[in-house]
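This one's a predicted model, so the numbers in the text were calculated from it and none came from an experiment. All heavy atoms count here, side chains included; hydrogens, waters and symmetry mates do not. Whatever order the structure lists them in is the order used to number ligands and atoms, beginning at 1.
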Amino acid sequence: MSDKPNNTQALLNLRDEIDGIDKQIHTLLNQRATCAQKVAEAKLQDDPNAIFYRPEREAQVLRKIQERNQGPLADEDVARLFRQIMSACLSLEKSQKVAFLGPEGTFCQSAAIKHFGDWMQSMPMTTIDEVFREVEAGACEYGVVPVENSTEGVINYTLDSFLNSNLKISGEVELRIHHNLMTAKTNDPKNITRIYSHQQSLAQCRKWLDAKYPNAERVAVNSNAEAAKRVMSEWNSAAIAGEMAAEQYDLLILNDKIEDKPDNSTRFLVIGRSEVQTSGKDKTSLIISMKNQPGALFNILKPFKDLKVDLTRVETRPSSSSTWAYVFFIDFLGHLEDENIQKLMQQIKQTAADVKVLGSYPVAVI
Ligand SMILES: C=C(O[C@@H]1C=C(C(=O)O)C=C[C@H]1O)C(=O)O
């Protein structure tokens, strides 16, 4: 019998129990990974050009995890763990190249990692247009682009990119956005006279900046990560960016969570070249151009009411075809394969001048 105090023996016994559980988890993880490899073989037998990433199936797995979770781990935490397990399993089937609005350290990269896990190959692009082009050209399987922020509203450039693209929406990611003021570790905060960030981030922190740095010059750049890169070499500058950018560029966070609205979040879209099957809890996005006649908008929206389809977003954008003409970006709950959505599409196509389906995809799970 050990002469150590009783609680140490209890501790050792519990650690032995954890070792036994880890052994089981380890065995099961490799069993699961072996299954995923067999799924990949089955996919290839069915179609030599098989698509390995199946967003609908991943959404179903994550929903089941959350539904049956008994704790003590929180539902979202367990789902994030399984997100990483699926990411590792998918990488055994085929590594996924994912383009995002870079450079390294942007919230867009954080959204890509949240959705695809750590095993995907993230490829930073300079502009949203470049993300679209990389996926269209087949250089990347998927792309992640920002589409709306809870404070600043919709990101028009992303919507406009869909007007001239054949890409489909494969998924959506919601990310809580915390902005931080950061600077090079060698800088003296008292010398800050210029603050860099994306124009959306400057706008989301406007009140804080007005209060703390009313005289500092505010310079909008392509992305928050680019802002972080710049201040590495400027003694009198600071950047507003995410925690990931501070780590990426070894910067000192002077003030954290400086966004004016506490629930500040950004929604990102996952874009790809193929359609997504139904997951059981989906969303569909369309671009609709209307005939220029009285009641045209009413005629477009009436079928949604009649068929009880839940509209989640309606945005208007100038049409690229003619001056003063508009198109509508419409999101609603349901999948194109659903019976009531098929009825809805028939009625919309009768009244709209043109309908472009951007895709049906799972509602964001985590
Ligand atoms: C195993 C599969 O392939 C991939 C991996 C998945 C997983 O690890 O659960 C789920 C969907 C796919 O992205 C599958 O399609 O079932």
Side-chain angles (χ1 to χ4, degrees), residues 22 24-70 73-100 109-123 131 134-135 138-145 167-175 268-284 335-337 358-366:
D22 287 353
Q24 294 176 63
I25 292 172
H26 189 181
T27 303
L28 290 170
L29 278 174
N30 278 317
Q31 282 176 7
R32 190 187 194 281
T34 304
C35 257
Q37 288 176 314
K38 290 176 182 169
V39 166
E41 289 162 15
K43 286 173 181 174
L44 284 170
Q45 278 164 12
D46 182 43
D47 174 2
N49 301 311
I51 295 161
F52 295 97
Y53 170 57
R54 301 296 173 85
E56 72 284 355
R57 168 64 181 166
E58 297 206 355
Q60 290 163 347
V61 170
L62 294 176
R63 283 181 208 138
K64 278 183 211 156
I65 296 295
Q66 295 195 70
E67 284 158 13
R68 66 167 173 254
N69 183 43
Q70 300 290 321
L73 289 172
D75 292 359
E76 176 156 346
D77 292 341
V78 179
R80 283 174 179 264
L81 283 170
F82 271 80
R83 151 83 288 132
Q84 295 294 7
I85 292 170
M86 288 199 286
S87 182
C89 288
L90 178 58
S91 72
L92 293 178
E93 297 182 49
K94 184 174 187 294
S95 177
Q96 303 295 309
K97 278 189 181 175
V98 180
F100 67 93
Q109 184 178 29
S110 301
I113 293 169
K114 180 180 178 185
H115 188 78
F116 286 98
D118 289 345
W119 273 259
M120 57 103 188
Q121 291 181 53
S122 61
M123 316 294 282
V131 174
E134 283 295 284
V135 182
C140 289
E141 277 80 24
Y142 295 93
V144 177
V145 289
L167 294 183
K168 296 291 182 192
I169 300 174
S170 310
E172 61 174 1
V173 198
E174 306 223 353
L175 201 63
F268 299 81
L269 294 178
V270 179
I271 55 178
R273 294 184 296 276
S274 47
E275 293 176 359
V276 176
Q277 293 171 27
T278 179
S279 75
K281 192 176 177 191
D282 302 295
K283 201 179 265 189
T284 299
H335 192 286
L336 286 170
E337 292 172 11
L358 298 184
S360 292
Y361 47 95
V363 170
V365 183
I366 51 178

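- Within 6.0 Å of the CD atom in Gln277, the count of heavy atoms belonging to other residues, nucleotides or ligands does not exceed 12.
- Taking only nitrogen or oxygen atoms, main chain and side chain alike, Tyr53 does not reach within less than 3.5 Å of ligand 1.
- The aromatic rings of His115 and Tyr53 stand perpendicular to each other, their planes meeting at an angle above 60°, with 30° marking the opposite boundary.
- Between Arg83 and Glu58 a salt bridge is recorded (basic side-chain N to carboxylate O distance below 4.0 Å).
- Of all the listed residues (Gln37, Arg57, Lys43), Lys43 holds the heavy atom that lies closest to atom 15 (O) of ligand 1.
- Of the protein's non-hydrogen atoms, the one nearest atom 9 (O) of ligand 1 is Arg32 NH2, 2.8 Å.
- Counting protein heavy atoms only, atom 5 (C) of ligand 1 is closest to Glu93 OE2, 3.5 Å.
- Residue Lys43 places its NZ atom among more than 12 non-hydrogen atoms of other residues, nucleotides or ligands, all under 6.0 Å distant.
- Those atoms of ligand 1 that come under 4.0 Å of a heavy atom in Phe52, given as number and element, are 3 (O), 4 (C), 12 (C), 13 (O).
- In terms of protein heavy-atom proximity, atom 13 (O) of ligand 1 is nearest to Glu58 OE2, 2.6 Å.
- When the shell of 6.0 Å around CD of Gln66 is examined, it contains more than 12 heavy atoms from other residues, nucleotides or ligands.
- Of the candidates Lys97, Lys94, Arg273, Glu141 forms a salt bridge (Lys or Arg N to Asp or Glu O under 4.0 Å) with just one, namely Lys94.
- When each atom of ligand 1 is checked for a heavy atom of Cys89 under 4.0 Å away, the hits are 8 (O).
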